[in-house]
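Just so you know, ligand 1 is whichever comes first in the structure, and atom 1 is the first atom listed for that ligand.
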Amino acid sequence: MKNFISYSTEHRTPAELITRSRDFYEFMNARRTLRDFSDQPVPREVIENVILTAASAPSGAHKQPWHFCVVTDAAVKKAIREAAEAEEYQNYHGRMTQEWLDDLQAFGTDWHKPFLETAPYLIVVFKRLHDVIGTEKRKNYYVPESVGIACGFLLAAIHQAGLVALTHTPSPMNFLQKILNRPDEERPFLLIPVGYPAEDATVPDLQRKGKEAVMTFY
Ligand code: IYR
């Protein structure tokens, strides 16, 4: 069934487009991935709003193939930390190649994941391989693309709110499915601790690729 409604945006002059896009670029370019979180509380409504923003992302056939689990319970966080650290211990002690370990040097990461207990919120993003309507399976389309875009919206919304996040991928992360008791049709996609930065937070001194390296006009 096709049912269209009208849509319009505020018209912007070319000069406004330039200023607005530059301002937004500068704002987003100031975002950094953080590993040092404060345990300072954050209102639940902020988390609801950033997730609603994520869930406004485009998706294949508008199937919205995502679910966002929000963990605040200390015991659940502890279980997640312990399971993540057990996997990461294996990763850092033989499962990752030397090239991979070398590539991670600049970030100073190791198997310890204290932020999984310090950050006030863990947002665990699940992709939904298909939907279940009663006993019927309904297909989802472009699931990784859709959920990836939603996570981009989520990170932008977190930054815009004034908080910081880490895009964490403990690997393998099937333990999240078990701890959070998620249904068979879901798979963990990203684990995103969210909160205020710690007072003494630091980030690696990284440079982003420049214009010439990231774009080609034809
Ligand atoms: N999952 C591991 C290793 C790791 C991998 C990449 I690629 C990173 O950008 C950062 C870490 C960990 O969380 O430590």
Side-chain angles (χ1 to χ4, degrees), residues 28-39 47 50-51 54 66-127 143-159 163-180 182 186-198 200-210 213-214:
M28 287 303 292
N29 197 37
R31 184 206 55 81
R32 293 298 309 260
T33 292
L34 251 84
R35 290 186 168 76
D36 304 330
F37 288 85
S38 158
D39 62 1
I47 302 303
V50 296
I51 292 174
W66 41 62
H67 193 83
F68 300 86
C69 294
V70 183
V71 181
T72 57
D73 185 279
V76 181
K77 282 193 206 166
K78 185 165 188 277
I80 290 176
R81 176 183 178 176
E82 282 171 2
E85 286 185 334
E87 293 295 356
E88 292 300 346
Y89 186 89
Q90 298 289 325
N91 290 337
Y92 283 92
H93 293 86
R95 273 204 307 226
M96 287 194 287
T97 61
Q98 192 55 48
E99 182 184 8
W100 196 349
L101 292 169
D102 292 346
D103 279 338
L104 292 179
Q105 281 286 324
F107 306 93
T109 56
D110 61 26
W111 64 272
H112 297 96
K113 304 298 173 192
F115 50 77
L116 293 174
E117 286 191 276
T118 318
Y121 293 94
L122 306 179
I123 302 179
V124 189
V125 185
F126 284 84
K127 60 180 180 187
V143 171
E145 291 85 348
S146 302
V147 183
I149 295 167
C151 287
F153 277 35
L154 181 64
L155 297 173
I158 291 166
H159 177 57
L163 297 174
V164 295
L166 169 66
T167 36
H168 185 38
T169 51
S171 171
M173 49 182 172
N174 45 339
F175 64 86
L176 290 168
Q177 184 136 9
K178 295 192 194 93
I179 292 173
L180 301 174
R182 298 311 302 167
E186 292 186 4
R187 294 288 180 275
F189 187 77
L190 276 180
L191 168 48
I192 308 182
V194 182
Y196 285 103
D200 59 352
T202 59
V203 292
D205 185 13
L206 305 174
Q207 305 304 317
R208 294 193 165 112
K209 287 181 178 178
V214 301

* **Residue T169 vicinity, atoms of ligand 1 by number, heavy atom under 4.0 Å** => 1 (N)
* Taking only residues at least two apart or on different chains, which pairs with a member in residues 117-126 satisfy side chain to side chain donor-acceptor pair (under 3.5 Å)? -> R81-E117
* Quick one: does Y92 get an N or O within less than 3.5 Å of an N or O on ligand 1? -> yes
* Structure fact -> Between the CZ atom in F189 and the NZ atom in K127, the distance rounded to the nearest 0.5 Å is 6.5 Å
* What residue and heavy atom of the protein are closest to atom 13 (O) of ligand 1, and at what distance? -> H168 CE1, 3.0 Å
* Test side-chain contact (heavy atoms from CB on, under 4.5 Å) applied to F115 and D36, step by step -> CA-CA 7 Å; F115 50 77; D36 304 330; over 6 Å; no
* From CA spacing to verdict: side-chain contact (heavy atoms from CB on, under 4.5 Å), E82, K113 -> CA-CA 9 Å; E82 282 171 2; K113 304 298 173 192; over 6 Å; no
* side-chain hydrogen bond (donor to acceptor under 3.5 Å, both in side chains) between N91 and E87, intermediate numbers included -> CA-CA 6 Å; N91 290 337; E87 293 295 356; 6.0 Å; no
* **Protein heavy-atom partner closest to atom 7 (I) of ligand 1 - residue, atom, separation in Å** => W100 NE1, 3.6 Å
* Would you mind running through ligand 1 and noting each atom that sits below 4.0 Å from a heavy atom of E88? => 1 (N), 2 (C), 12 (C), 13 (O), 14 (O)
* Check each atom of ligand 1 against the heavy atoms of K113 and keep those under 4.0 Å away; list them by number with element. => 12 (C), 13 (O), 14 (O)
* Determine whether the side chain, the backbone, both or neither of L104 has a heavy atom under 4.0 Å from any heavy atom of ligand 1. => side chain
* Stepwise, does the side-chain hydrogen bond (donor to acceptor under 3.5 Å, both in side chains) test hold for T97 with R95? -> CA-CA 7 Å; T97 61; R95 273 204 307 226; over 6 Å; no
* To do: May I ask you to decide if the ring planes of Y89 and W111 are parallel, tilted or perpendicular, using 30° and 60° as cut-offs?
  => perpendicular
* Is the shortest N/O to N/O distance between N91 and ligand 1 below 3.5 Å? -> no
* For ligand 1, which part of R35 has a heavy atom less than 4.0 Å away: the side chain, the backbone, both, or neither? -> side chain
* Structure fact -> With heavy atoms and a 4.0 Å threshold, my read on which part of W111 contacts ligand 1 is neither
